[in-house]
S.K.: 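One structure follows; several queries about it will come next.
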Amino acid sequence: QVQLVESGGGLAQPGGSLRLSCAVAGSIWVINDMGWYRQTPGKQRELVATITTGGSTNVADSVKGRFTISRDNAKKMVYLQMNSLKPEDTAVYSCHAEIQMRPARSSAIDFWGQGTQVTVSS
């Protein structure tokens, strides 16, 4: 059974930093795109950053220059380094991965982590 396990959320002061980690557990064929999304109550989930297998990234304008996404393909992990945190970054952050269970590209399935709370407050 494939699972995405997140860690690293918590409380940070404005201007502070946090690092989120997400590990893919279980037997898979290959991980395609990975990413981080966030959601606050009453709002739709929004993209924070994504990263391809080759390392190309797409980062939301609201966090550009402050957040960095990276991945370790050998460890099946993706990370989100969050610096210069602002109160408006407070949200539940969820990890996403598109995973192929077989060689066929058509076998790809979207998996989501359980979400981790990030709170930025003084």
S.K.: Would you check, one step at a time, whether the test side-chain contact (heavy atoms from CB on, under 4.5 Å) holds for Gln39 with Ser94?
M.R.: CA-CA 8 Å; Gln39 188 170 22; Ser94 297; over 6 Å; no
S.K.: Check the pair Arg45 / Trp112 against side-chain contact (heavy atoms from CB on, under 4.5 Å), numbers first and verdict last.
M.R.: CA-CA 12 Å; Arg45 182 168 55 198; Trp112 292 91; 3.5 Å; yes
S.K.: Under the 3.5 angstrom rule, does the side chain of Thr116 hit a backbone N or O of Glu6 as a donor-acceptor pair?
M.R.: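 Between the backbone of Glu6 and the side chain of Thr116 there is no qualifying donor-acceptor contact (under 3.5 Å).
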S.K.: In Å and rounded to the nearest 0.5 Å, what is the OG1 to CZ distance from Thr57 to Phe67?
M.R.: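 Between atom OG1 of Thr57 and atom CZ of Phe67 there are 14.0 Å.
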S.K.: Considering non-hydrogen atoms only, spot the tightest contact between Gly10 and Leu18 and give its length.
M.R.: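 Shortest heavy-atom contact: O-CD1, 3.9 Å.
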S.K.: Between Trp36 and Met77, is there shared hydrophobic-cluster membership here, with clusters defined by ILVMFWY side-chain heavy atoms closer than 4.5 Å?
M.R.: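 In one cluster with Trp36: Met77, no.
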S.K.: Going hydrophobic residue to hydrophobic residue with side-chain gaps under 4.5 angstrom, can you get from Val2 over to Val78?
M.R.: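 Same hydrophobic cluster.
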S.K.: Using a strict cut-off of less than 4.0 Å between a Lys/Arg side-chain nitrogen and an Asp/Glu carboxylate oxygen, indicate whether Arg38 and Glu88 qualify as a salt bridge.
M.R.: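 So Arg38 does not pair with Glu88 through a salt bridge.
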S.K.: Is the backbone N or O of Gly26 less than 3.5 Å from a side-chain atom of Lys76, with the two atoms forming a donor-acceptor pair by type?
M.R.: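 Checking the backbone N and O of Gly26 against the side chain of Lys76, a donor-acceptor pair under 3.5 Å is found.
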S.K.: To the nearest 0.5 angstrom, please state how far the CG atom of Asn32 sits from the CD1 atom of Ile109.
M.R.: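 Those atoms lie 11.5 Å apart.
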S.K.: Mind checking whether Ile99 and Tyr79 sit in one hydrophobic cluster, side chains of I, L, V, M, F, W, Y counted as touching below 4.5 Å?
M.R.: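 Ile99 and Tyr79: separate clusters.
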S.K.: Of all heavy-atom pairs between Pro14 and Ser122, which one has the smallest distance, and what is that distance?
M.R.: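 Looking at all heavy atoms of both residues, the shortest contact is CD-N, 3.7 Å.
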S.K.: Between the side chain of Asn73 and the main-chain N/O of Thr53, is any donor-acceptor distance below 3.5 Å?
M.R.: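 Between the backbone of Thr53 and the side chain of Asn73 there is a qualifying donor-acceptor contact (under 3.5 Å).
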S.K.: How long is the straight-line distance from CG of Leu85 back to CD of Gln13, given to the nearest 0.5 Å?
M.R.: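 These two atoms lie 11.0 Å from each other.
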S.K.: Please name the pair of heavy atoms, one in Gly9 and one in Val118, separated by the smallest distance, quoted to 0.1 Å.
M.R.: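 It is CA-CG2, 4.2 Å.
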S.K.: Got a second to check how far Ile69's CD1 is from Gln81's CD, nearest 0.5 Å?
M.R.: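 Result: 12.0 Å between the selected atoms.
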S.K.: For the residue pair His96 and Tyr37, categorise the inter-ring angle as parallel (less than 30°), tilted (30 to 60°) or perpendicular (more than 60°).
M.R.: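 Rings of His96 and Tyr37: perpendicular, as their planes differ by over 60°.
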S.K.: Measure across Ala12 and Ser17 and return the closest heavy-atom pair with its distance rounded to 0.1 Å.
M.R.: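 Heavy atoms only, the tightest pair is CB-O, 4.4 Å.
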S.K.: Once you round to the nearest 0.5 Å, how far does CG of Asp89 lie from OG of Ser121?
M.R.: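 The OG atom of Ser121 is 12.5 Å from CG of Asp89, to the nearest 0.5 Å.
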S.K.: Would Met101 and Met34 show up in the same hydrophobic cluster when neighbours are defined by side-chain heavy atoms closer than 4.5 Å?
M.R.: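 Same cluster.
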S.K.: Please determine whether the number of non-hydrogen atoms from other residues, nucleotides or ligands lying under 6.0 Å from atom NZ of Lys64 exceeds 12.
M.R.: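 Above 12, so yes.
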S.K.: Sub-3.5 Å donor-acceptor pair from the side chain of Arg71 to the main-chain atoms of Thr52, do we have one?
M.R.: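 Such a contact is found between Arg71 side chain and Thr52 backbone.
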S.K.: Hey, does Met82 have a side-chain heavy atom less than 4.5 Å from the side chain of Arg66?
M.R.: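 No, too far: nothing below the 4.5 Å cut-off.
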S.K.: Nearest 0.5 Å please: distance from the CG atom of Asn58 over to the OG1 atom of Thr50.
M.R.: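 Rounded to the nearest 0.5 Å, the CG-OG1 separation comes out at 4.5 Å.
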